[in-house]
Engineer: 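Pasting in a structure now, in structure tokens, and then I'll have a few things to ask.
Given the structure is predicted, the values throughout are model-derived calculations rather than measurements.
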Amino acid sequence: MSKTHNFNAGPAILPVDVVKETAEAVLNFNGTGMGLMEVSHRSKEFDAVMVDAQNDLLKIMNLSPADYDVLFLGGGASMQFLMVPYNFLHTKADYILTGVWAKKAYKEGKYFGTANVAATSEDTNFNYIPKTYKFDPEADFVHLTTNNTIYGTEWKSIPDVGNVPLVADMSSDFLGWDHDFNKFSLIYAGAQKNIGPSGATVVVVKKSWLEEKGKKDIPTMMNYKTHTENGSMFNTPPCLPVFAVGRTFKWIERQGGVAAIQEKNIAKAKIIYDVIDSYPEFYKGSVKNHEDRSLMNITWNLNTPELETKFINEAKAEKMIGLKGHRSVGGVRASTYNACPVESIQALAKFMEEFYKNNK
Ligand SMILES: *Cc1c(COP(=O)(O)O)cnc(C)c1O
């Protein structure tokens, strides 16, 4: 494998094992003498891939198959911005706005009814997680975004929403932080940040909520029930991404599960945050409160845009790529997803120390 240190925000680094297993399956899937892209999704070999992925995910999330269904849909997390309200917004829903992705979800909600803002951190360009909310106990659901990929903030604990169903976009920290997933009525995540290639979006939905509150009279492909009733194979699923995502779930199991991954992520992120905190006049962490700092996307600025460009270019020369901040905020962003090895993090920390000495 190449020695590039991959800090891309998404699509992003995957475990080496997963990449190798997927490459092998592309050539000869499960000893069939055919590549994974060349076999029917109705074959018993692919069916096992789908069912294993669904069961493994519920197991690592500590959810019961009696209570939750797992879907792998196309359209990205962006499609879920509209599928959630299409199925569940009858009159009004609460949205917590912690970034551009959350705002995009909120915008789609407005097409289906009243979308209320329960809290927002837009006043200071989303550099914190709000701690007070205005929840409506009558809302159809509360929507939040657990990790804000662009700004580098992350929810470490989930607010109490009472009996209102909780929906979360977990795209950029899915299976990176060990929430009590039973608290959620629906979770979705585009695979390409933390668990696989682009093309599959994971949806985990509580069966009883869908049964009781899911709208019946909506177009077939938009209806979650169409997909739950057909084992996520109403139409051709994204077969190759589902295979890769399934291998990532097995890799997570081998790592000791989500709790063990979370511990590793805490230790990994600390290495970079410690450098930032050692030279606060030089590396300016973008997130206001330390407890809101993301383990997945670490964001900071330097004193001038020129110095930031110099940092990013010199890092690239040392084979550290993907460090440019999102075009809407600038600065530097290191995405340190589950599969990012500690060796890459240590290399970046060492580079930051040297860059400080040479440019302070
Ligand atoms: C990247 C991202 C999205 C958009 O995902 P697509 O799969 O490209 O639609 C949505 N939400 C969050 C939190 C993201 O990081």
Engineer: Side chains of Lys213 and Phe141, heavy atoms from C-beta outward: is any pair under 4.5 Å?
Structural biologist: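 They are not in side-chain contact.
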
Engineer: Set out, in order, the CA-CA distance, both residues' side-chain angles and the distance that settles side chain to side chain donor-acceptor pair (under 3.5 Å) for Thr98 and Asn148, then state yes or no.
Structural biologist: CA-CA 7 Å; Thr98 49; Asn148 300 283; 2.8 Å; yes

Engineer: Is a side-chain N or O of Glu229 found less than 3.5 angstrom from the main chain of Thr226, in a donor-acceptor match?
Structural biologist: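 No, the answer is negative, given that no donor and acceptor are paired below the 3.5 Å cut-off.
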
Engineer: Verify, without hydrogens or angle tests, whether Lys268 (side chain) and Cys340 (backbone) share a donor-acceptor contact under 3.5 angstrom.
Structural biologist: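 Yes, because the side chain of Lys268 sits within donor-acceptor range (under 3.5 Å) of the backbone of Cys340.
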
Engineer: Would you say the side chains of Tyr279 and Glu353 form a donor-acceptor pair under 3.5 Å?
Structural biologist: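 Indeed, the side chains of Tyr279 and Glu353 share at least one donor-acceptor pair under 3.5 Å.
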
Engineer: Is Tyr224 close to Met83 at the side-chain level, that is, under 4.5 Å between some pair of heavy atoms?
Structural biologist: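 Side chain of Met83 against side chain of Tyr224, heavy atoms only: contact under 4.5 Å found.
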
Engineer: Quick check, are the ring centers of Tyr356 and Phe282 under 6.0 angstrom apart?
Structural biologist: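 Yes: the rings meet the under 6.0 Å criterion.
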
Engineer: Would you kindly say whether Ser294 and Asn147 are connected by a side-chain donor-acceptor distance under 3.5 Å?
Structural biologist: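 Yes - a donor-acceptor pair under 3.5 Å links their side chains.
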
Engineer: Report yes if the side chains of Met79 and Met222 come closer than 4.5 Å at any heavy-atom pair, otherwise no.
Structural biologist: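 Yes - at least one pair of side-chain heavy atoms lies under 4.5 Å apart.
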
Engineer: Going by heavy atoms in the side chains, are Thr146 and Trp177 under 4.5 Å from each other?
Structural biologist: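 Heavy-atom side-chain distance check fails, nothing below 4.5 Å.
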
Engineer: So which atom in Leu36 and which in Phe29 form the shortest heavy-atom distance, rounded to 0.1 Å?
Structural biologist: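 Smallest heavy-atom distance, with atoms named: N-CB, 3.6 Å.
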
Engineer: Mind checking whether Ile272 and Trp300 have side chains closer than 4.5 Å, heavy atoms only?
Structural biologist: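 Side-chain contact under 4.5 Å: yes.
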
Engineer: Taking His326 for the side chain and Ser328 for the main chain, is one N or O donor matched with an acceptor at less than 3.5 Å?
Structural biologist: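 At least one qualifying donor-acceptor pair exists.
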
Engineer: Return yes if some donor-acceptor pair links the side-chain N/O of Glu308 with the main-chain N/O of Leu302 below 3.5 Å, else return no.
Structural biologist: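 Checked: pair present.
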
Engineer: Apply the test side chain to side chain donor-acceptor pair (under 3.5 Å) to residues Asp52 and Asn55: give CA-CA distance (whole Å), side-chain angles for both, the deciding distance (0.1 Å), then the verdict.
Structural biologist: CA-CA 5 Å; Asp52 274 2; Asn55 290 338; 5.2 Å; no

Engineer: Do Glu318 and His5 have side chains that get closer than 4.5 Å, going by heavy atoms?
Structural biologist: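 Not touching, per the 4.5 Å side-chain cut-off.
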
Engineer: Side-chain donor-acceptor pair under 3.5 Å between Asn265 and Asn338, yes or no?
Structural biologist: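 Side-chain D/A pair, Asn265 to Asn338: present.
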
Engineer: Of the non-hydrogen atoms in Leu73 and Gln80, which two are nearest, and what is the gap between them?
Structural biologist: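 Between these two residues, the closest heavy atoms are CD1-NE2, 3.8 Å.
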
Engineer: Is the Trp209 ring parallel, tilted or perpendicular to the Phe88 ring (thresholds 30°, 60°)?
Structural biologist: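 The arrangement is parallel - the two ring planes meet at less than 30°.
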
Engineer: Restricting to non-hydrogen atoms, name the atom on Thr120 and the atom on Pro130 that form the minimum distance, rounded to 0.1 Å.
Structural biologist: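 It is C-CG, 3.9 Å.
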
Engineer: Parallel, tilted or perpendicular: which fits the ring planes of Trp101 and Phe81, with parallel below 30° and perpendicular above 60°?
Structural biologist: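 Tilted: the ring planes of Trp101 and Phe81 meet at 30° to 60°.
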
Engineer: Kindly write out the residues that satisfy ring-ring contact (aromatic ring centres under 6.0 Å, His included) with Tyr133, not counting sequence neighbours, or none if the list is empty.
Structural biologist: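 Tyr133 satisfies ring-ring contact (aromatic ring centres under 6.0 Å, His included) with Phe135 only.
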
Engineer: We want to know whether Asn297 and Tyr337 form a side-chain donor-acceptor pair, criterion being a heavy-atom distance below 3.5 angstrom.
Structural biologist: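 There is such a pair (donor and acceptor under 3.5 Å, judged by atom type) between the side chains of Asn297 and Tyr337.
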
Engineer: Minimum heavy-atom separation for Ile276 to Arg293, with atom names?
Structural biologist: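 Minimum heavy-atom separation between Ile276 and Arg293: CG2-NH2, 4.3 Å.
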
Engineer: Side chains of Asp94 and His143, heavy atoms from C-beta outward: is any pair under 4.5 Å?
Structural biologist: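 No. Closest side-chain heavy atoms not under 4.5 Å.
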
Engineer: What heavy-atom pair brings Ser172 and Met296 nearest, and what distance separates the two atoms?
Structural biologist: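 In terms of heavy atoms, the two residues are closest at O-CG, 3.4 Å.
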
Engineer: Cut-off 3.5 Å, no hydrogens considered: what does the side-chain donor-acceptor table look like for residues 195-206, sequence neighbours left out?
Structural biologist:
{"residue": "Thr201", "atom": "OG1", "partner": "Gly76", "partner atom": "N", "Å": "3.3"}
{"residue": "Thr201", "atom": "OG1", "partner": "Gly76", "partner atom": "O", "Å": "3.4"}

Engineer: Does Thr124 have any side chain to side chain donor-acceptor pair (under 3.5 Å) partners at least two apart in sequence or in another chain, and if so, which?
Structural biologist: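 Only Asn127 meet the side chain to side chain donor-acceptor pair (under 3.5 Å) criterion with Thr124.
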
